[in-house]
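Right, one structure below, let's go through it.
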Amino acid sequence: MKNDLEIDLLRSFVAVAAHRNFTHAARTIGRTQSAVSLQIKRLEDIVGKRLFDRSRQSVSITHVGEGLLVYANRILAANDAALSHIQRPEAEGLVRLGAPDDYATYLLPQVLAGITKDHPRLQFEVTCDNASDLLPMLERGDLDVVVATHPLSAVAGQIARHEPLHWVASPHYVDDPKTPLSLVLFPSGCVCRDIALDALRQIDRSWRVAYSTRSIGLMEKAMLESSSASIMEASIIPPSLKIIDGQPGFPALSEVVISVHQSNASEPHVSLVADNLLSKLGYVAKQKAS
């Protein structure tokens, strides 16, 4: 007799995978830490494999857990979409959404298309900018929902997923360690930019910013037509570029977190969109990265 994957167990599993911390995960889903630990143990018994490696200092997801995470996000997204369709079939109104240009280009179209299909009366107005500019707009009431990137040292909002960072360049890129590294980056205020420059300072690698733009399309074009490199999240790397991690002069990079923020006074149709973004972004990001 087969055991089914239960929605509550998967929701706790996804929360732990996002937060890499049982206590923080328990807080976000309204359960105790011990209850979440028991749920993860029960899920591991069902699949017959270990999903997390745990120590007193850290929690890391196993290779089996990474595989299950793809299906867990898909199952939860389908479950939430079904309930939303049945319980709130008449959701309508304008949702003002803020996101960085790279997410708006590579992650949001598929997610928003799915939400619109389930709720055709919803409308979206998307503003592209750095999170450092978008979050104050949310506070002022100029936006309803913001998708933002945060460093591991300053996580905020509701976590959709952890995202690896990579050094990228054109397929024909060859580094010259004797010259300053030419970089194509988002403008000041971008978390990924800060991580890249801090990493280079740690190894005393000289650099110069050759291009600074909010457009992911212009960044791609600049790298393809020059001897410049950049740093990008795994899920938004264009297929025309190659990952150049591990080469001398390109230090290891920390992960970042993709989070969803919404106003505390959100209307029901805005909360519906935020919930869908939270459940679907992790799955879409994982697809793009694989």
Side-chain angles (χ1 to χ4, degrees), residues 98-110 126-135 146-154 160-259 281 284-290:
D101 184 82
D102 48 2
Y103 294 164
T105 300
Y106 289 101
L107 297 185
L108 288 184
Q110 181 179 341
V126 180
T127 298
C128 297
D129 214 328
N130 285 335
S132 57
D133 296 309
L134 294 172
L135 292 174
V146 168
V147 178
T149 303
H150 298 284
L152 295 178
S153 60
R161 69 172 280 106
H162 286 244
E163 185 80 353
L165 294 178
H166 297 288
W167 293 104
V168 296
S170 80
H172 308 294
Y173 176 81
V174 177
D175 182 41
D176 182 359
K178 297 180 181 179
T179 62
L181 178 61
S182 177
L183 294 172
V184 178
L185 299 173
F186 279 109
S188 297
C190 170
V191 169
C192 296
R193 176 191 176 110
D194 292 342
I195 290 174
L197 298 185
D198 285 344
L200 291 172
R201 292 187 188 103
Q202 291 292 323
I203 65 167
D204 293 324
R205 176 76 193 266
S206 60
W207 50 268
R208 68 181 184 89
V209 178
Y211 295 86
S212 180
T213 175
R214 287 186 172 87
S215 169
I216 189 70
L218 290 178
M219 292 178 71
E220 178 184 8
K221 184 176 177 65
M223 278 183 278
L224 291 174
E225 297 181 357
S226 70
S227 296
S228 297
S230 186
I231 177 177
M232 290 184 176
E233 299 96 323
S235 60
I236 58 89
I237 298 173
S240 62
L241 301 177
K242 71 173 181 178
I243 294 174
I244 56 174
D245 296 348
Q247 296 187 25
F250 290 92
L253 301 166
S254 63
E255 290 183 324
V256 292
V257 168
I258 301 177
S259 293
L281 271 177
V284 173
K286 183 66 179 178
Q287 274 190 316
K288 295 282 186 181
S290 61

| task | Would you tell me whether Y103 and T149 have side-chain atoms, one donor and one acceptor, within less than 3.5 Å of each other? | result |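 Per modelled atom types, Y103 and T149 side chains form a pair under 3.5 Å.
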| query | Would you find more than 12 non-hydrogen atoms of other residues, nucleotides or ligands less than 6.0 Å from K221 atom NZ? | reply | no
Does any part of the side chain of [Y], heavy atoms only, come nearer than 4.5 Å to the side chain of [X], both counted from C-beta?
| X | Y | value |
| --- | --- | --- |
| P171 | L224 | yes |
| C128 | R214 | no |
| E233 | L165 | yes |
| S212 | R193 | yes |
| L185 | C190 | no |
| Q202 | P251 | no |
| L152 | E255 | yes |

| Stepwise, does the side-chain contact (heavy atoms from CB on, under 4.5 Å) test hold for F250 with I244? | CA-CA 8 Å; F250 290 92; I244 56 174; 3.6 Å; yes
| request: Could you tell me whether the side chain of S230 and the main chain of V184 form a donor-acceptor pair under 3.5 Å? | output: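 Yes: the side chain of S230 pairs with the backbone of V184.
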| Non-hydrogen atoms of A229 and L181 that approach each other most closely |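 In terms of heavy atoms, the two residues are closest at CB-CD1, 4.4 Å.
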| Can you list the steps and then say if L107 with V147 is a side-chain contact (heavy atoms from CB on, under 4.5 Å)? | CA-CA 10 Å; L107 297 185; V147 178; over 6 Å; no
| query | Should I236 and T105 be marked as a side-chain contact (heavy atoms from CB on, under 4.5 Å) after you check the CA-CA gap, both sets of side-chain angles, and the distance that decides it? | reply | CA-CA 8 Å; I236 58 89; T105 300; over 6 Å; no
| task | Could you check D102, T213, D129 and say which one makes a side chain to side chain contact (heavy atoms under 4.5 Å, CB included) with F186? | result |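 The residue from D102, T213, D129 that satisfies side chain to side chain contact (heavy atoms under 4.5 Å, CB included) with F186 turns out to be D102.
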